[in-house]
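The structure under discussion appears below in the form of structure tokens.
Computed over heavy atoms, backbone and side chain alike; hydrogens, waters and symmetry mates excluded.
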Amino acid sequence: MPISPIDLPAGACGPFANECSDWLRACAPGRLLLLGDAGGLTLPPGTEVDARADASALAADARYDAVLIRGLPELLDRRAGAALLARARDRLAPECLAVLPRPCWDEGAVLGLGYTLRARAPAALLGHFAIASYKSVPDWFNSKFWAHPERWQP
């Protein structure tokens, strides 16, 4: 279920610790890749966590149920951070959540990578990607907009 972005006061919840914990509870991943800082998180029971300082040592075929990136993008330059977010989105997991520092990341960059904006604070943005809700079926893909819908049989 998409959540509309909310504005948070400066310094609220550290780097979105409450939002990250709520997301983990909601998606309840069996296998979680945690890249960066785990401080202040509440993990759901039964979650197998692979915590790493960076993604460079991951196998090319590594797959997880979810990826949480927190505290890592500020250590990377913009290009390396974008590559990490794209790899998480494309290859590592069907659902990703990333806490991104504001001076380096703006809303357009987060949206440009296919992430939705779940929350914003003066110092950081919270980006979310879920392949299940990434793109809905467009209206024109409905048979009622075709030239001869009576000829089409499912």
For the pair Val110 and Leu100, evaluate side chain to side chain contact (heavy atoms under 4.5 Å, CB included) and give the outcome as yes or no after the intermediate values. CA-CA 9 Å; Val110 175; Leu100 304 164; 3.5 Å; yes
Can you name the salt bridge (Lys or Arg N to Asp or Glu O under 4.0 Å) partners of Arg31, sequence neighbours left out? Glu48
I need the Thr42 OG1 to Arg25 CZ distance, nearest 0.5 Å. 6.0 Å
Starting from the C-alpha separation in whole Å, work towards a yes-or-no answer on side chain to side chain contact (heavy atoms under 4.5 Å, CB included) for Phe16 and Leu125. CA-CA 9 Å; Phe16 302 114; Leu125 298 170; 5.6 Å; no
Would you say Ile131 and Leu33 are hydrophobically clustered, going by side-chain heavy atoms of ILVMFWY under 4.5 Å? yes
With a 3.5 Å distance limit and no angle check, can you tell me whether Thr47 reaches the backbone of Pro44 through a side-chain donor-acceptor pair? yes
Would you indicate whether the side-chain heavy atoms of Leu117 and Leu126 approach each other to under 4.5 Å? no
Test side-chain contact (heavy atoms from CB on, under 4.5 Å), reference Leu34, set Leu43, Leu24, Leu41, Val67, output is Leu41
How many angstroms lie between CH2 in Trp23 and SG in Cys96, if you round to the nearest 0.5 Å? 7.0 Å
Distance check, rounded to the nearest 0.5 Å: Asp37 atom CG versus Ile69 atom CD1? 13.5 Å
Is any side-chain N of the basic residue among Glu19 and Arg118 closer than 4.0 Å to the acidic one's carboxylate O? no
Check this for me: does any side-chain nitrogen of one of Arg52 and Asp50 sit under 4.0 Å from a carboxylate oxygen of the other? yes
Starting at CZ of Arg70, measure out to SG of Cys20 and round the result to the nearest 0.5 Å. 5.0 Å
Hydrophobic cluster membership, Val99 vs Leu111, 4.5 Å side-chain cutoff: no
Working to the nearest 0.5 Å, report the span between CG of Asp65 and CG of Leu32. 8.5 Å
Would you name the heavy atoms of Gly40 and Ser21 that are closest together and state the gap between them? O-OG, 4.0 Å
Any idea how Tyr115 and Phe129 line up, ring-wise: parallel (<30°), tilted (30 to 60°), or perpendicular (>60°)? tilted
What one should report as the nearest heavy-atom pair of Arg63 and Pro94 is NH2-CD, 3.9 Å
Does any pair with a residue in residues 80-96 pass salt bridge (charged side-chain N to carboxylate O under 4.0 Å, His left out), and if so which ones, sequence neighbours excluded? none
